[in-house]
Structure formats: structure tokens, C-alpha cells
Amino acid sequence: METEAGAADEGARLTTEPSAPPRPRLPEPSGPTTPTGPSGPESGPTPAGELSEAPGRRGIAALSPGHQLTAVLALIGVALVTCVHILMVFLHVAPSNTISKQHGELVGAWVYPEFEQNWKLFAPNPLQQNIAVEARAEVRTPDGELRATRWYGLSAQDGAAIDGNLLPSHTQQNELRRAWDVYTGTHDAQDRPNGLRGTLSEQYLRRILVLRLDRLGAAGKGESLERVQIRSKTTSVAPPKWSDEKVNQKPVYRQVPWWTVTSSDAPLDSAARVRTQSSADNPAGGVR
């Protein structure tokens, strides 16, 4: 009986106590959640008076359609002015051509005075001449006699080595050409050097001639190089048919007097047989 009475009292107590209200269910997020805390932005309500920025809109895309059109037109204008400026400066510094001759006043009006240039885009100007360089030697035979060899076309040999060669060497392209160019620029019409640079250019060119002639076998067995000589034939390149430029096609010849070969003109590691400086004055001298 006591047990039944206790169960009745317990049921009455539970019935009279108020039950806790159910917890509300939060709505499920429709997109990816943004982390909060130190690794992400803090969540919170947007302050009144401020508009939230649409995600993914940056730069010009974030502007209104009217502002976007204005920005695009401004960029196109800057690009056009830049291209025109580059073209005008190019025509100003480039060698004389058909376009610069026809529109020279327009180019000058654009460039001067703010954008004046005192340098050339192609410095020096592209070579407009064909220069053929030849050399020969005077050798002493074993019996003491002197004989002159034929002329060897050195520049023609370099041209043949370059033609069809995808990777020509620097010496084939520029060694002889630059040596002869420097020599003619540092000597007067009488082949007199106009300073230390002229003397050095002559020594450099003479060494090239000795090495090239020795490789070509100018001196036979038992013979030695006594003197070398160089000459050139310069012909202007004919202008294209559409050009009204007049060019003198007459060849210009230049021949340098004989140069006496010294021991310094042939490196010690070469097999060239040349007479020493003392033996140049004394025919009975030896060779090395």
C-alpha cells in the first residue's frame, strides 16, 4: 500500500512542475559557411546605412555601366596615343625610308621639341656596301728567293662559310670585317695611322692576315712569310626598284702597301713560319 501511495505522489509532482520550452531549430545555411574567429572575418549584422559589396566584382566590373563605358574609352584612347607615339619616334630615329620621306613634316611636328632624339636606332646604320677583302703574301723560298703568291679572297671565304650555316662563328662573321673597318677608320688616304688606335688596328689586321694566309698554305714547304698585303673592293648596294635614290655603282678600290711580318705577328702556338724582326733587315737571318 505504501508503495502505491508513493508512486501516486511522484506522478502528481511531475504533473504539477512546468516543462521546459523546446529549443528552436536554426535554418540550414543555403551556401558555404564562412569561418569565424582568427582565421576568418567576424560575423555580425551589417551597420545601418552601409551596403554589402557583391562578391566577385572587382575593378571596372564593380563600376556602374556608365562608368564602365567611360573607363573603357579612356583605356582605348591611351593605347592609341601610345601606339602613335611609338610609331612616330621609330620613324624619327630610323634610317631614311619611303614613309619618313613622305610624312617627314608630320613626324617632325610630333617629335619636336619635346621628344627629340639624338641617337640612332640602328647605330651604326646597316651596311649598305659590299666589301670584298683580299690578301696575298710574299714568301722566301729555301734557296733565298722571294715570290709573291696569288690574291686570296678572305671575305669571300667567310661568306661561303656563313651561307647556309645556322650557327656561324663570330670570327667568320665579324673578325675580318671589323678589323678592316677599324683600320680604314683610323688611317688616312696615305695609310698613315692617326693615333695609337690606328697603330693597334694595323697590328691586329696584320696578325689576322698572317694566320689566315698560313692556314691557306700560302707558304710552301721550307718557305717562310716575309711580307703581307691587303686590298679591298667596295661596291654600293643597289637601291630597290621602288626607291628614287641614286647610288653610284662604280667600285672603289683600296690597296695597302706591303707590311713586313715580324715574330709578334704569329703566335707561338701556331705553326706559321715567319722571319724575325732582325732577319727582316738581314736576308740571311733565320725563321721560326
Side-chain angles (χ1 to χ4, degrees), residues 93-96 116-139 148-149 151-159 162 168-216 218 224-237 247-248 250-270 272-282 285 288:
V93 301
S96 180
E116 180 181 3
Q117 302 290 332
N118 293 323
W119 50 272
K120 296 295 183 181
L121 179 62
F122 303 101
N125 290 337
L127 189 63
Q128 300 180 8
Q129 296 174 326
N130 289 324
I131 303 176
V133 178
E134 298 179 339
R136 65 175 179 175
E138 189 177 66
V139 299
T149 65
W151 288 99
Y152 295 88
L154 302 184
S155 58
Q157 294 173 0
D158 289 343
I162 294 172
S169 68
H170 180 73
T171 56
Q172 292 171 339
Q173 297 179 80
N174 298 316
E175 183 183 57
L176 178 64
R177 180 183 64 84
R178 290 293 299 133
W180 178 246
D181 182 67
V182 173
Y183 174 84
T184 56
T186 56
H187 287 71
D188 57 18
Q190 287 73 37
D191 292 294
R192 293 174 299 192
N194 53 16
L196 178 61
R197 192 164 181 259
T199 303
L200 292 176
S201 66
E202 179 179 332
Q203 295 174 353
Y204 178 63
L205 182 58
R206 190 167 64 242
R207 170 170 287 197
I208 293 176
L209 297 182
V210 171
L211 292 177
R212 295 286 296 270
L213 291 173
D214 180 69
R215 293 171 186 170
L216 294 172
S224 61
L225 292 174
E226 289 278 342
R227 298 191 300 175
V228 293
Q229 190 177 30
I230 186 172
R231 69 180 182 182
S232 69
K233 174 185 176 182
T234 303
T235 307
S236 299
V237 176
V247 176
N248 185 7
K250 184 178 180 180
V252 178
Y253 298 92
R254 180 166 183 172
Q255 182 168 317
V256 177
W258 286 98
W259 287 333
T260 300
V261 177
T262 66
S263 58
S264 60
D265 296 326
L268 295 177
D269 58 350
S270 70
R273 294 175 55 84
V274 299
R275 301 183 69 83
T276 61
Q277 179 66 47
S278 59
S279 64
D281 300 328
N282 180 15
R288 72 162 180 85

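Just so we're clear, the structure is a prediction, and the values are computed from it rather than from any experiment.
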Less than 4.5 Å apart, side chain to side chain, heavy atoms only: is that true for [X] and [Y]?
{"X": "R177", "Y": "I131", "result": "no"}
{"X": "L176", "Y": "R212", "result": "yes"}
{"X": "Q173", "Y": "I162", "result": "yes"}
{"X": "Q203", "Y": "R207", "result": "no"}
{"X": "W180", "Y": "I230", "result": "yes"}
{"X": "W259", "Y": "D265", "result": "no"}
{"X": "Y204", "Y": "V182", "result": "no"}

Discussion item. Run the side chain to side chain donor-acceptor pair (under 3.5 Å) test on D158 and S155 for me, step by step, so that the C-alpha distance in whole Å, both residues' side-chain angles and the decisive distance to 0.1 Å come before the verdict.
Written reply: CA-CA 5 Å; D158 289 343; S155 58; over 6 Å; no
Between atom [atom1] of [X] and atom [atom2] of [Y], what is the distance when rounded to the nearest 0.5 Å?
{"X": "L205", "Y": "L200", "atom1": "CG", "atom2": "CG", "value": "12.5 Å"}
{"X": "T235", "Y": "N248", "atom1": "OG1", "atom2": "CG", "value": "10.0 Å"}
{"X": "Q255", "Y": "R136", "atom1": "CD", "atom2": "CZ", "value": "6.0 Å"}
{"X": "E138", "Y": "L213", "atom1": "CD", "atom2": "CG", "value": "12.5 Å"}

Discussion item. Tell me the closest heavy-atom pair linking A218 and V139, and the distance in Å.
Written reply: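 Here A218 and V139 meet closest at O-CG1, 4.1 Å.
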Item to complete: For residues T186 and S201, report the shortest heavy-atom separation together with the two atoms involved.
Response: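 Heavy atoms only, the tightest pair is OG1-OG, 3.0 Å.
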Worksheet entry | Modelled atom types, side-chain donor and acceptor of D191 and H187, under 3.5 Å |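 No pair is found: no donor N or O on one side chain lies under 3.5 Å from an acceptor on the other.
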Worksheet item: Hey, does the side chain of E202 reach the backbone of Y183 with a donor-acceptor pair shorter than 3.5 angstrom?
Response: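 Checked: no pair found.
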Worksheet item: Is the backbone N or O of R192 less than 3.5 Å from a side-chain atom of D188, with the two atoms forming a donor-acceptor pair by type?
Response: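 Yes, D188 side chain to R192 backbone: donor-acceptor pair under 3.5 Å.
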Practice prompt. Tell me, yes or no, whether the heavy-atom count around R197 atom CZ, taken from other residues, nucleotides or ligands under 6.0 Å, exceeds 12.
Written response: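 No, because the 6.0 Å sphere around CZ of R197 holds 12 heavy atoms or fewer from other groups.
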Practice prompt. Assess whether side-chain contact (heavy atoms from CB on, under 4.5 Å) is satisfied between Q157 and L154, documenting all intermediate values.
Written response: CA-CA 5 Å; Q157 294 173 0; L154 302 184; 4.2 Å; yes
